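First the structure, in the form of structure tokens, and then the observations on it.
Because only heavy atoms are used, hydrogens play no part in the values below, and waters and symmetry mates are left out as well, while side chains stay in. Here, residue 1 is the first one in the sequence, and each next residue gets the next number. As the structure lists them, so they are numbered: ligands from 1, and atoms in each ligand from 1. All of these numbers come straight from a predicted model, not from anything done at the bench.
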Amino acid sequence: MRIALATAIAAWEQDADLPPLLEAFARAGIGAEALAWDDPTVSWSRFDAVLLRSTWDYAVRRDAFLDWCGRVEKATRLVNPLETVRWNSDKRYLADLAARGVAIVPTVFIESDRDLPRIAEQSGEFVLKPSVGAGSRHAARFDPTQAAEADRHARRLLAEGYCVLLQPYLEAVDEHGESALVHIGGRYTHAIRKGPLLPRGGTASDLLFAAEDIRPRIATDAEHSAAERVLAALPHPALYARVDLLPGKTGPLLLELELVEPSLFFEGSEDAADALVDALVESLQG
Ligand SMILES: Nc1ncnc2c1ncn2[C@@H]1O[C@H](COP(=O)(O)OP(=O)(O)O)[C@@H](O)[C@H]1O
Ligand SMILES: [Mg+2]
């Protein structure tokens, strides 16, 4: 068995999950190698499966990425599969999950100029971000006095072809941080705390991914239940899933569900890397 771990040229050797994951494959006696999705010289059919890992630049060229996923899926097994990636690579999936009863961060979807007046209705701090996004790129936090600036930011994103998400800034993140609960093969493995990322004043990061303050976290019972409700509502299969939660007034709210290329924080969680290898092997044999 041979497995390709898909990263990106732009992320080359920056994915801290790859060394522990490669070690886990070696422990299981399985050949695995990291390759960039955007390296045109790779023959993906050589592999029994292509496991998406740090394809972090998909958000800036989603169509090309989905085309590539489609080609890989014709040649071999893609994990997570194309249908899952297509659905999950645009944050409008939040609306689907809300319709299935998941408690999400309250979100207005700005699809065109006509929806822009919703920005001026905000009474507290708020966030604008593209519906196709990762690594906090183009996510920005504003206060109500900055409606004009926010309007310009939203127009810029619309002009680039994105739908724009408008959310209240959930300020409990400043204290509690964000909780990311990792699930592999449908089972919880571990959680981390991510510190707050958006500075006051409407500055948006233009980097591929913003620097993050990551620590281990013991998830609360409420966070576990929230994550389980999200996973029970999935419309498509997922071998790995990361559920990112922010504290709301009535309990944890879904900020993001990551089924494409989430960091899974394997450093210090070697068991979780082994679990991913086991789950992948089982899915290929089943
Ligand atoms: N509504 C919000 N309230 C508070 N912080 C937010 C909110 N939306 C985003 N953030 C912050 O911005 C970061 C990036 O936003 P996120 O929705 O996770 O997009 P992505 O990680 O795909 O770029 C989050 O990790 C969080 O720190
Ligand atoms: Mg995020």
Query raised in the report: Is it true that some N/O/S atom of D244, main chain or side chain, lies under 2.8 Å from the Mg ion (ligand 2)?
Result: no

Requested in this report: Please state whether A139 comes within less than 4.0 angstrom of ligand 1, counting heavy atoms only.
Outcome: no

Query raised in the report: Strictly under 4.0 Å, does any heavy atom of L255 approach an atom of ligand 1?
Result: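 Within the 4.0 Å threshold, so yes.
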
Quick one: look at [X] and ligand 1, take heavy-atom pairs under 4.0 Å, and tell me if it's side chain, backbone, both or neither.
X: A59; answer: neither
X: E171; answer: neither
X: L246; answer: side chain

Query raised in the report: Any chance CZ of R61 has more than 12 other-residue heavy atoms, nucleotides or ligands included, within less than 6.0 Å?
Result: yes

Nearest protein heavy-atom contact for [atom]: which residue, which atom, what distance?
atom: atom 22 (O) of ligand 1; value: K91 NZ, 2.6 Å
atom: atom 1 (N) of ligand 1; value: P168 O, 2.9 Å
atom: atom 26 (C) of ligand 1; value: E178 OE1, 3.5 Å
atom: atom 18 (O) of ligand 1; value: E256 OE1, 2.7 Å
atom: atom 5 (N) of ligand 1; value: Y169 CE1, 3.5 Å
atom: atom 10 (N) of ligand 1; value: L198 CD1, 3.6 Å
atom: atom 17 (O) of ligand 1; value: K129 NZ, 2.7 Å

Quick check: does [X] get an N/O under 3.5 Å from an N/O on ligand 1?
X: S136; value: yes
X: L170; value: yes
X: V173; value: no

Have [X] and [Y] got a donor and an acceptor in their side chains that come within less than 3.5 Å?
X: D96; Y: W87; value: yes
X: E261; Y: S54; value: no
X: S89; Y: R62; value: yes

Between [X] and [Y] (side chain of the first, backbone of the second, donor and acceptor by atom type, cut-off under 3.5 Å), is there such a pair?
X: T55; Y: Y58; value: no
X: N80; Y: L239; value: yes
X: H236; Y: R86; value: no
X: D17; Y: S263; value: no

For ligand 1, which atoms, with element, lie under 4.0 Å from some heavy atom of [X]?
X: G133; answer: 22 (O)
X: V127; answer: 1 (N), 2 (C), 7 (C), 8 (N)
X: G135; answer: 20 (P), 21 (O), 23 (O)

Query raised in the report: Taking just the N, O or S atoms of E256, which one is nearest to the Mg ion (ligand 2)?
Result: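 The E256 atom nearest to the Mg ion (ligand 2), restricting to N, O or S, is OE1.
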
Query raised in the report: Knowing that exactly one of T107, V243, V105 qualifies, which makes a side-chain contact (heavy atoms from CB on, under 4.5 Å) with L254?
Result: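 Testing L254 for a side-chain contact (heavy atoms from CB on, under 4.5 Å) against T107, V243, V105 leaves exactly one candidate, V243.
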
Query raised in the report: Are E149 and R152 close enough for a salt bridge, meaning some N to O gap below 4.0 Å?
Result: no

**Report entry** Cationic N near anionic O, under 4.0 Å, D274 to R27
**Finding:** yes

Report task. Classify the ring geometry between F142 and H153 as parallel (under 30°), tilted (30 to 60°) or perpendicular (over 60°). Result -> tilted

